[in-house]
2 protein chains.
Amino acid sequence: MRITLKDIAKALNLSASSVSKALNDSHEISQETKKLVKDYAEKHHFRINKIAQTLKTGKTYSIGVILFNISNNFVAQMLDGIQVVSEQAKYDIIIMQSRNNELLEKKAIEVLRNRGVDGLLISPINHQSSETELRALQENGIPVVLIDRIFHNLHTHKVGVNNFEGAYRATKHLVDQGKKRLMHITGKDLGITEERLNGFKAALATANIPFHPDLLLACDYTEGSQVEIEIKRKIVQLLDAGQKPDAIFCATDDITSRTLGVLAELNIAVPTEIALIGFSNTPYAHALNPALSAVVQPAFEMGKLGFQKLIELVNKKHQEVAFETIALDTELHIRKSSL
Amino acid sequence: MRITLKDIAKALNLSASSVSKALNDSHEISQETKKLVKDYAEKHHFRINKIAQTLKTGKTYSIGVILFNISNNFVAQMLDGIQVVSEQAKYDIIIMQSRNNELLEKKAIEVLRNRGVDGLLISPINHQSSETELRALQENGIPVVLIDRIFHNLHTHKVGVNNFEGAYRATKHLVDQGKKRLMHITGKDLGITEERLNGFKAALATANIPFHPDLLLACDYTEGSQVEIEIKRKIVQLLDAGQKPDAIFCATDDITSRTLGVLAELNIAVPTEIALIGFSNTPYAHALNPALSAVVQPAFEMGKLGFQKLIELVNKKHQEVAFETIALDTELHIRKSSL
DNA sequence: TTGTAGGCGTTATCAA
DNA sequence: TTGATAACGCCTACAA
């Protein structure tokens with residue numbers, strides 16, 4: 001059904017190797033033969049069997065990408081960047097989701113490894129998740145690059161953002177608005193949240209506002225989606241205790257959206273009762289009511305850069321490389337929700 | 001570096017074929033030998049080379065999935081359903097985005113075909129997009145299943161929703177609220193929008209409200225993201241002409257979100273000035289201000305069902321199958337934006 | 001400039 | 001119950 005090199009060879013009275021060379025534009029083959037072969041191939045819709053090619057060459061021309069959840073604006077934007085570069089570089093990408101679950105993460109790595117990929121771009125669950133598995137990949141000549149969640153022990157290229165700085169500026173902004181009781185809602189053990197918490201604390205410190213552990217909520221992402229409930233419970237609890245915050249800084253895209261939802265549900269006016277700002281890459285920030293103040297990450301750029309770095313490694317597998325950690329800047333978009 | 005069947009065979013003084021059979025639990029191999037082989041394999045971290053296996057067997061155990069844009073709640077939810085089933089079925093999925101661009105769609109099909117997939121799940125751009133390419137796949141024994149965009153000429157299983165019904169009920173709801181000047185914003189040539197338009201018209205008809213072409217906007221999705229600008233221009237134009245609608249029904253997830261944004265930008269109060277309802281699967285519908293009334297599609301179910309249907313085809317490639325078209329029901333969620 | 005032979009890692013067929 | 005052999009489709013020395 002599907003035509004192969006041999007078929008072409010037979011039809012043209014050539015050897016399979018000549019056909020192979022002709023299709024690969026080898027200098028050992030005459031122009032006429034090349035033309036003959038290529039025309040025939042085109043006419044008969046010859047498509048090379050990548051599987052066989054891979055088996056022979058060892059190159060799969062595919063890259064594994066492990067993200068925690070692709071239905072997240074931030075992640076989707078990274079993915080867009082990744083895809084742009086992957087197309088230029090003629091690499092296919094195989095996307096897997098870890099859902100912030102270390103078991104699924106390990107499984108994804110395993111699947112990709114079995115299937116054969118030339119490299120792996122991953123946003124790991126946390127500091128040391130799947131460390132041995134990733135190291136094993138590297139030792140087998142499959143380069144790994146970390147993206148977004150760059151606080152990981154693995155020794156390699158890492159592309160993320162300046163989390164401390166982003167959090168610091170957002171918090172500073174709230175402080176500058178005269179807010180005194182700042183709450184921080186974050187995720188537990190997500191690999192980037194520590195730095196954001198540090199930024200939060202640092203901004204408080206510069207304003208001589210003591211950090212109040214009661215105003216910190218670290219949501220658990222390992223279980224199903226109880227996050228919204230956790231947030232609601234915490235806020236209600238603060239209200240009941242007469243400890244209402246006057247501003248909230250949210251650490252991730254997902255948390256920001258959910259917090260907004262909880263406040264709406266509780267009929268808490270934003271920003272008059274509680275001001276809100278958070279990490280968010282939603283393209284609809286301006287369309288929300290009130291328009292959302294956000295720390296925006298250069299997600300598209302991160303995706304592009306991360307993938308480029310990975311391709312570099314793939315292409316010079318055997319040379320010594322000085323690994324870099326790149327932290328891009330975030331942008332602070334002030335809108336109504338924090339004013 | 002990586003251990004192969006032969007290595008095991010050599011180490012155990014067996015033949016490669018026996019090792020292969022042992023690992024595949026063939027009945028021709030003795031229990032002791034199996035244990036021997038499996039233990040050795042485990043101990044030495046043997047992982048089978050899927051590439052070689054595929055070359056030999058012709059089965060890739062991977063399925064191509066072509067969607068138009070994965071950073072869309074609705075699509076992301078479908079994808080979740082797809083992934084759940086794919087893991088059960090032990091198939092990998094390779095995700096590609098067509099971005100509602102027929103050239104990219106064709107390219108994606110080509111890539112998947114070259115790379116080798118056992119089947120294709122696709123949400124095609126429109127009625128006849130890539131029809132010949134898809135048919136060619138089928139003729140080469142690679143089954144195709146259509147999802148979401150089920151109004152396509154291809155003869156196969158199709159899994160989508162009852163678009164007419166969903167649109168009809170949403171529009172009917174607006175009519176029941178006493179709305180008279182209903183606007184419909186939709187996408188041009190997206191394969192599902194005709195039926196939604198028909199549902200819109202039918203609901204108007206039952207209320208004896210004439211359909212007004214001026215109150216219809218079909219956005220062009222083939223070019224970059226001018227959609228929001230188009231919507232804004234149209235609404236401003238209607239306002240200027242004193243033709244302000246009193247309600248809007250939006251046909252897709254993306255259009256609903258964007259329309260909401262435009263209305264906010266134009267400082268048009270929802271629902272008092274203009275009521276709004278639209279197809280949307282955003283998990284934050286209740287968290288928007290005002291909470292968004294929406295026609296919700298069973299996206300997760302669609303993904304699951306579509307993938308299941310595809311796997312069925314993959315597994316009985318040579319039997320005659322009676323193709324089905326399945327239209328799941330949508331849910332109407334009435335919230336504040338349309339009241 | 002073209003062809004031959006061997007092999008990538010696996011499995012299927014047949015023989016032992 | 002095990003083993004030898006060939007084959008999947010392609011590429012690459014090396015020979016012609």
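All values below come from the heavy atoms of this structure, side chains included, with hydrogens, waters and symmetry mates left out. The chains referred to below are lettered A, B, ... by the order of the sequence lines, with proteins before strands, and numbering in each begins at 1.
- When heavy atoms are screened at a 4.0 angstrom cut-off, Glu28(B) is found touching base atoms of the nucleic acid.
- On a pure distance criterion of 3.5 Å, no polar donor-acceptor pair joins the side chain of Lys56(B) and the base of dA12(C).
- Put simply, Gln53(A) has no side-chain N or O that comes within less than 4.0 Å of OP1 or OP2 on dG9(D).
- Both Ala52(B) and Lys34(B) sit near DNA chain D, but only Lys34(B) has its closest nucleotide nearer the 5' end.
- Ser20(A) has no side-chain polar atom (N or O) that falls below the 4.0 Å cut-off from OP1 or OP2 of dG9(D).
- Side-chain nitrogen and oxygen atoms of Ser30(B) include at least one within less than 4.0 Å of the OP1 or OP2 phosphate oxygen of dT2(D).
- In this pair, Tyr91(B) and Tyr61(B) present their aromatic rings tilted. The plane angle is within the 30 to 60° band.
- Note on Asp7(A) versus Arg2(A): no salt bridge recorded, every NZ/NE/NH1/NH2 to OD/OE distance being 4.0 Å or above.
- Within 4.0 Å (heavy atoms only), Lys6(A) reaches sugar-phosphate atoms of the nucleic acid but no base atom.
- Comparing Glu32(B) and Leu55(B) by the nucleotide of DNA chain D whose heavy atom lies nearest to each, the residue mapping closer to the 5' end is Glu32(B).
- At least one side-chain nitrogen or oxygen of Ser18(A) sits closer than 4.0 Å to the OP1 or OP2 atom of dG3(C).
- Residue-level contact check: Ser17(A) touches the bases, meaning some heavy atom is under 4.0 Å from a base atom.
- Between Thr33(B) and dT2(D) there is a side-chain polar atom (N or O) within less than 4.0 angstrom of OP1 or OP2.
- For the pair Asn13(A) CG and dT2(C) P, the computed distance is 13 Å after rounding to whole Å.
- Rounded to whole Å, atom P of dT13(C) lies 14 Å from atom CG of Asn24(B).
- For Lys59(A), no side-chain nitrogen or oxygen approaches OP1 or OP2 of dC11(D) to under 4.0 Å.
- Remark: the Ser15(B) side chain and the dT2(D) base include no donor-acceptor N/O pair separated by less than 3.5 Å.
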